[in-house]
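What follows is one structure encoded as structure tokens, with my remarks underneath.
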Amino acid sequence: MAKAARGLDPPGQPALFAEEAPTFGVSDLVAQVDRALRQAFPDEVWVKGEVSGLRAPNRSGHQYFSLVEKTTRAGPVPTVAVALLDRTRRQVATQHPDFRLTDELEIRVRGRVQQFMGRIQLTISAIDPAFTLGRLALAREQALRALATDGLLEVNGRLPFPLAPLRLGLVTSVDSAAYHDVVHTLEASGIGFRIVVADAQVQGAGAEASILRALHHLGRAAVDVVLVVRGGGARTDLVAFDSERVGRAVAAMAVPVVTGIGHEIDTTVVDAVAHHRAKTPTACAALIVDRVRSSAERTERAWADVLSASRATLDRADHRVEAAMARIGPGRLAHRVDAETRHIDQLGARVARSARSALDRVDRTIELDSARLSALDPARALARGWSITRDDQGAIVRRAADAAVGAVLVTTVSDGTIHSTVDRSPSSAAPAEEAP
């Protein structure tokens, strides 16, 4: 029996080789693997897993992706390459319009295990949409039960709906058909809506997280109502709207949420939690337009009722006045008017006399206060021969002791100021003469 060849021995030792083992050429190895695969998998097999790395069909219509099996074990995620040929892809699309492949979607497929371009590949011949749709329905029911258990299915529905919601939050994919349908319907109404758009991915991997971010953003915006819309599509395109997390986020919104998700048969988790559900994005926008118009019409009717009631009240008052005048008679009415006019004239004269008396008292008070102020005016004291002496800091010198030798003094008299310097101490100074 041939022994396996040894590799190179460590440096410094002679190279020793066992008897040479069989060596495959690349094509021989590939053929051997193909034979082994055919022996291990002689027939097609059913495989289930989660779609990952889905690519758009190529020029030939074939589509390639991977099936992965997410486990809690550490290490690499089990993955197998998948080829979906154009014929099979078209057949599934025709027979099951509610089914469409997306990343993170769990599917069950039948195919042949083959080697292609040096790797193992599963070439699909059939897809079991019932498996996927059943799994999605089960997940949706589980989410609805969890929300119902926590009392969240009707929380948003109990919020008061604004009479005239003019500030709208919009969760959808910007530049999608759903976005344009909503905006066009709102603008065509002629009503001055203000729209805050939160761009969101509405299908595929990452859609759930994107919708959650959009709802969180609008939760901090000053809007009256939030619209969550998406155009029509396969049932598998709506996975993100069946998310329990998204349902909880809608229930937690402080304003009503209205959905317009393009499907009519099934109801998503988001539809079940929202305040209102419309069948399409256009119907969602039309619901808001109708609400505002109805509010405006009710307001106009209310004003018309007020005007009508006011006119009726005025008419009744006119009739009462006319009746009273008829009972009183023109002569008695004129006499009463003259009496009231004289009374008013007397009151006016009394008010005028009171006003003049009050003004006289104020004038006398002002004159007395002015005389008192004039008596205290320093300028009058200076005119009578008094003077005011200050030091160089502006402080008044009241005693001789306040003026030290060498101090500069400024004396103010009636017609100016005199600057002087102290050359003798107060003890040696002669007694000051009293000012005249």
Pairing residues for [X] by the side-chain hydrogen bond (donor to acceptor under 3.5 Å, both in side chains) criterion, not counting sequence neighbours:
| X | answer |
| --- | --- |
| R145 | none |
| E154 | none |
| R112 | none |
| Q115 | D34 |

Legend entry - Test salt bridge (charged side-chain N to carboxylate O under 4.0 Å, His left out) applied to D86 and R89, step by step: CA-CA 5 Å; D86 179 60; R89 184 179 64 81; 2.9 Å; yes
Inset, instruction - Give the C-alpha distance, both sets of side-chain angles, the deciding distance and a yes or no for side chain to side chain contact (heavy atoms under 4.5 Å, CB included) between F24 and V30. - result: CA-CA 9 Å; F24 291 97; V30 171; over 6 Å; no
Inset, instruction - Name all pairs fulfilling the salt bridge (charged side-chain N to carboxylate O under 4.0 Å, His left out) condition that reach into residues 186-201, sequence neighbours left out, sorted by first residue then second. - result: none
Legend entry - Qualifying salt bridge (charged side-chain N to carboxylate O under 4.0 Å, His left out) pairs with a residue from residues 125-136, counting only residues at least two apart or across chains: E106-R135, R108-D128
Inset, instruction - May I ask you to decide whether E244 forms a salt bridge with R248, counting only side-chain N to carboxylate O separations under 4.0 Å? - result: yes
[Y] backbone acceptor or donor facing [X] side chain under 3.5 Å:
| X | Y | value |
| --- | --- | --- |
| T412 | T417 | no |
| T94 | R90 | yes |
| D242 | R140 | no |
| D224 | R167 | yes |
| S60 | H62 | no |
| Q121 | A83 | no |
| D103 | G53 | yes |
| S295 | R291 | no |
| T102 | G204 | no |

Nearest 0.5 Å please: distance from the [atom1] atom of [X] over to the [atom2] atom of [Y].
| X | Y | atom1 | atom2 | value |
| --- | --- | --- | --- | --- |
| L101 | T132 | CG | OG1 | 8.0 Å |
| I127 | Q95 | CD1 | CD | 10.5 Å |
| L85 | I124 | CG | CD1 | 8.5 Å |
| R100 | L105 | CZ | CG | 11.5 Å |
| H419 | L409 | NE2 | CG | 10.5 Å |
| T185 | L287 | OG1 | CG | 12.0 Å |

Least distance between heavy atoms, [X] atom then [Y] atom:
| X | Y | result |
| --- | --- | --- |
| L212 | A249 | CD2-CB, 3.7 Å |
| A214 | A200 | CB-CB, 4.0 Å |
| Q63 | P57 | NE2-CD, 3.9 Å |
| A272 | L144 | CB-CD2, 3.7 Å |
| V289 | S189 | CG1-CB, 3.6 Å |

[Y] side chain reached by [X] side chain, heavy atoms, under 4.5 Å:
| X | Y | result |
| --- | --- | --- |
| V202 | I261 | no |
| V273 | L147 | yes |
| L168 | V223 | no |
| P165 | V292 | yes |

Legend entry - All pairs passing ring pair (Phe, Tyr, Trp, His ring centres under 6.0 Å) where residues 137-177 contributes a residue, at least two apart: F161-H275, F161-H276
Inset, instruction - Among residues two or more places apart or on two chains, list those pairs meeting ring pair (Phe, Tyr, Trp, His ring centres under 6.0 Å) that have a residue in residues 89-143. - result: none
Inset, instruction - Mind checking side chain to side chain contact (heavy atoms under 4.5 Å, CB included) for P97 and listing every partner two or more places apart, or none if nothing turns up? - result: none
Inset, instruction - For side chain to side chain contact (heavy atoms under 4.5 Å, CB included), just list the numbers for L218 and V196, CA-CA rounded to whole Å, side-chain angles, deciding distance to a tenth of an Å, and then say yes or no. - result: CA-CA 8 Å; L218 292 180; V196 180; 3.7 Å; yes
Could you tabulate the donor-acceptor pairs under 3.5 Å formed by side-chain atoms of residues 36-49, not counting sequence neighbours?
from, atom 1, to, atom 2, distance (Å)
E44, OE1, R110, NE, 3.0
E44, OE1, S125, OG, 2.8
E44, OE2, S125, OG, 3.1

Review item, side-chain donor-acceptor pairs of residues 176-184, under 3.5 Å, at least two apart:
from, atom 1, to, atom 2, distance (Å)
S176, OG, S173, O, 2.5
S176, OG, Y179, N, 3.3

Legend entry - Worked verdict on V171 versus V229 for side chain to side chain contact (heavy atoms under 4.5 Å, CB included): CA-CA 6 Å; V171 177; V229 300; over 6 Å; no
Identify every side-chain donor-acceptor pair in residues 250-260 under 3.5 Å, counting partners at least two apart or on other chains, and give the distances.
from, atom 1, to, atom 2, distance (Å)
T259, OG1, D271, OD1, 2.6

Legend entry - Pair I288-V225, side chain to side chain contact (heavy atoms under 4.5 Å, CB included): steps then yes or no: CA-CA 9 Å; I288 301 298; V225 173; 4.2 Å; yes
